[in-house]
Amino acid sequence: MACTFCGLPTPLPRDAPDVDDADVYCCLGCRIAAGIMGGEETAGNRSVLTRLGLAVFFAMNVMVFTMVLWSWNIHDIQEDSQVLAFRELLRYACLLFSTPVLILLGGPLVESSWESCRHGRFTTDVLLLLGVCAAFAYSAVSLVYAIGDVYFEVVCMILVAVTLGKWLEATAKQKATQALRSLRQLLPDTVRRQATGSHETEAVIPIDAAQAGDTLRVLAGERIPVDGIVASPNCTVDEQVITGESIPQTKTQGQSIFGGSLNLNSELYLRATSCAATGAIARLMQEVEKSTASQCRVVRSADRLAAWFVPLIVFAAGYAIVQNASVGGQQALMSALAVVLIACPCALGIATPLALWVAITSAAQRGVLFRSGDAVIQLARLRSIAFDKTGTITGGDVRVVSTFLEQESERSSFFRISKQLAASSNHVLAKSILAHLCITQEPSAQDEAPANQHSAHSQQQVCDVAGKGLKLSSDGVVQMLGSPAFAAELGMQISAELTQTLENNVRLAVACVGWGGQVRGAFFLGEVLRPETTDVFKQLNDRQLDLTILTGDRPQRALAMQRATGVRTIGQLLPQEKAEHIRQLPHPTAMVGDGINDALALTEADVGIALDCGTDVSRDIADICLLGNTLENLPWAIELAKQTQVTIRRNLVWAVSYNIVGIGFAASGNLNPIIAAVAMVGSSLFVLTSSLRLAQSQGNIVDVPSAAATVAAVPNPTTVRTPAVVAGSTE
Amino acid sequence: MIELPLIFAAGFLGSSHCIGMCGPFALLLGSSSSTWNSNLSRQLLYSVGRIFTYTMLGAAVGFGGMRFSAMAPSLINVPAILSIVAGLFLIYQGLATLGLVRFPTVGKGSSTCLAGGLLAGFLRSTRRSDVFLAGLFTGFMPCGLVYGFLGMAASTQSMAMGACVMLVFGFGTVPIMVATGIGGNLLSLAKRKQLLRFAACCLVLAGLITVVRGASFIGLASTQSPAEACPLCP
């Protein structure tokens, strides 16, 4: 359950009873901050801010009175009856002025204590409340019965220091979680819905009211509100937030676009395919929220540590009372109060989650999605990385370079069968083959219209054998599209001519097409290394990481790849064999691959990293998703993970040692409660600034750009992606 | 002993410096009132809040000065040191306003400063209590001028006198602050800049005088009265 104000997870379990609609806060500070920021002034009801201000005013008065009292203590005024009377007056004035402080500032404290007690959790807020009330009561009693010193200024200053300090903490926490909220702000509040059957005219409606099927109008410079299909002629959009692709994309009529992308040049109409809550950007945000809320191992151990912290404080306070009772009852009370104030389980509690949160949201802004805190920590400890070849190291620019056909007469069948099989797979090679077939517009393609319905029906029976190819049994005839080894396995004959051609074209990838017991032809595809690959490998090598490339391709091609990249390449691997190899690498190990086709290997690795999962994040099983079609953020992500681990360690060391030293001082009676209150804030602030520094040091590429600047900066985009593959890529 | 009328004059002259930082606050305060009269009362209430804070701080530092000198051995002339420090603050503030010295910035733009949230909330409100509270918190704003006079208040080594010094200083700042709040836009930008520069020069001068005053009796033991050694006082 996430805190309403700052968004960090609260100790409450998700299914806590009767907290559905109420605001839930992770700490006292967030409760106060929410009251101040969101407080509405109703007639006769003073806002929280005013109450805080008045409390400070009264506290200031109490301080002045107290200082006067102290000055008399120093100078040993003669026991003049007038002076004594004035002294009494001042003390009563202290009581009078500190009562409003207690009432005004005690409110949130009481609320917070009540909330946590109701759920059976005994927190430091309760102890603080008890301590403050005890001090006040003691002072009041000792005043009325004239038996000792008064400590009203302690009560006032503690309350002011704690309130202001906690508010400061909450504001800082909110800043740390800002990045996620900035994603949310990308979507506009209202949309323009066009006149359709049931709606008469164009209406401006709130974004949540938009539904699938509505036609919406988006002006240039505005953000697309929901996922949809373009219903007007060409437009140019910037999809950086979803895919990480910074080059503007041209979308033609009928193409799909994501909610959250920026409409650059012209007014566009789109037919919504989702509502705002289920669009791509909403799903992305949900993923990030899920990962930040995930209960990873390190967080759990910190929680366990914090669980026995409160009893420890109680014990220390008890010890303080006993230890100092010999000096005097009031000293005992003051030192117990100091113990309660300086002990800061909050610093301990947020040390890890905050750093992870900052890391995850920074990474999300740069196009790297960590799906859990564990992923961050594992990545930091990495010792080896395995890469898949096709589609991971080699770019999306796989193209059919040439086609080999045994017999010219079989051309139309060849294309028909290839198209049918290729259309049912998401593999990079299949997509390229399909694209090639669509572009070349073979005359036989026109004959396919009647055949298409038939093939659509039998598409369900296409069998995708991982690592080998596609197989379809149609009317007893086995058709295949896949590797030569797969063809041999299915008992298909390969002609000598084809074998020779395969030998000649070692540098190219090949997909054989066969039916009726014989391979009838083959597609030769050119794979190009991604431009950033060499650089990425170099950076990873510099980190002493053990690199391997695993591929299901022929050994000759594996060797060629090894020579080209300088990285050990192992070929002819089936998915299980890939997983086996990963098992043997020095652990922790990562596997970088295509989220859909390398499922087994990705789960076997300690960290599974998937590329190009920008469109359907939730379907992936990888621990880390690299949004956008590039490897270049991988070294950065590893650096971020290492920095995060350093930050977490620093935070924890600080939180633990500060608490030990502080409680030690307080229990032995050497710590003034007021100083303790101020110091407690300092410790949380240290953890906060140290975590925030993590965000600043890594820099962010994507700042929510002002629409005007972006529109002005794009003169006339001419970069056009190769015609998008229709089937299977965007749904 | 520091003559109180002199403090008032110093406050008055120095407060033209206030137009720079606190002027916008006064203007914001006035923006939510409709008539000239209500604006005036808001500005006065705002100043009352500020003066309250100054007085309280003056009492506190007076107490501090008293404690400090009680703790320090009598060889260290605490009031003299405080005078020098106060003077240096004034000089620094004046030079910074003139642009001759840079303010050191804290970090990459402090992200957790509460002042904005606090003050803005109070300044925009229409309640009287909030106007007073706005003044109260404005009094806590970091300001070399205030620190300078606080130094002087500390050197009095008495709570009552310290409070008095700051009270008078506060009164000295009222005319210009109220005028700024009401008629802030009457002066042209160029004139305002000139005024600011003039005020900065006054500040530097006042600071120099204070430093000289402190330096002149720093050699004396703290038990002797500084009035005897001050070259400016009769």
Side-chain angles (χ1 to χ4, degrees), chain A residues 29 32-33 35-39 41 43-76 153 163-176 178 681 684-685 688-689 691-693 695-697, chain B residues 48-71 106-140 154 156-163 166-167:
Chain A
I32 293 170
I36 291 176
M37 301 303 190
E41 289 220 16
N45 182 22
R46 290 187 183 284
S47 74
V48 178
L49 196 59
T50 308
R51 276 192 272 154
L52 177 64
L54 286 174
V56 170
F57 169 75
F58 286 119
M60 282 163 71
N61 279 293
V62 171
M63 279 314 292
V64 173
F65 299 151
T66 310
M67 280 193 277
V68 176
L69 286 171
W70 285 345
S71 67
W72 280 332
N73 285 342
I74 297 175
H75 286 305
D76 288 330
E153 82 282 4
T163 304
L164 286 178
K166 294 280 185 191
W167 181 21
L168 193 66
E169 228 178 84
T171 312
K173 269 200 277 194
Q174 202 205 28
K175 278 267 166 15
Q178 183 97 328
V681 177
S684 297
L685 278 182
L688 279 160
T689 45
S691 307
L692 281 173
R693 239 183 318 145
Q696 284 168 358
S697 69
Chain B
V48 167
R50 277 190 314 116
I51 294 174
F52 179 84
T53 304
Y54 294 150
T55 313
M56 199 228 83
L57 287 174
V61 297
F63 175 77
M66 177 168 54
R67 287 280 318 249
F68 193 42
S69 67
M71 283 170 9
V106 182
K108 292 185 190 152
S110 58
S111 52
T112 53
C113 177
L114 282 181
L118 265 180
L119 265 185
F122 288 130
L123 285 169
R124 287 203 193 95
S125 162
T126 48
R127 285 180 194 276
R128 284 184 179 253
S129 52
D130 284 347
V131 173
F132 174 75
L133 289 173
L136 198 79
F137 285 103
T138 306
F140 281 111
T156 63
Q157 294 177 299
S158 139
M159 280 184 74
M161 274 316 294
M166 293 308 290
L167 185 70

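Within every chain, numbering begins at 1; the chains are lettered A, B, ... in the order of the sequence lines, protein sequences first and strands thereafter.
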Point-to-point distance, once rounded to the nearest 0.5 Å, from CZ of B:Phe132 to CG of A:Leu54: 8.5 Å
Side chain to side chain, B:Phe52 and A:Asn61, heavy atoms closer than 4.5 Å: yes
Value rounded to 0.5 Å, distance of CE in B:Met56 from CE in A:Met67: 5.0 Å
Considering all heavy atoms, the nearest A:Val64-B:Met159 contact: O-CE, 3.8 Å
Derivation and outcome, side-chain contact (heavy atoms from CB on, under 4.5 Å), residues B:Phe63 and A:Val68: CA-CA 8 Å; B:Phe63 175 77; A:Val68 176; over 6 Å; no
Within-4.5 Å side-chain heavy-atom neighbours: A:Met60 and B:Leu136: yes
Engaged part of B:Thr55 at the chain A interface, taking heavy atoms whose separation is under 4.5 Å: neither
Heavy-atom pair count under 4.5 Å with chain A, highest-scoring of B:Ala134, B:Gly64, B:Ala60, B:Ala59: B:Ala60
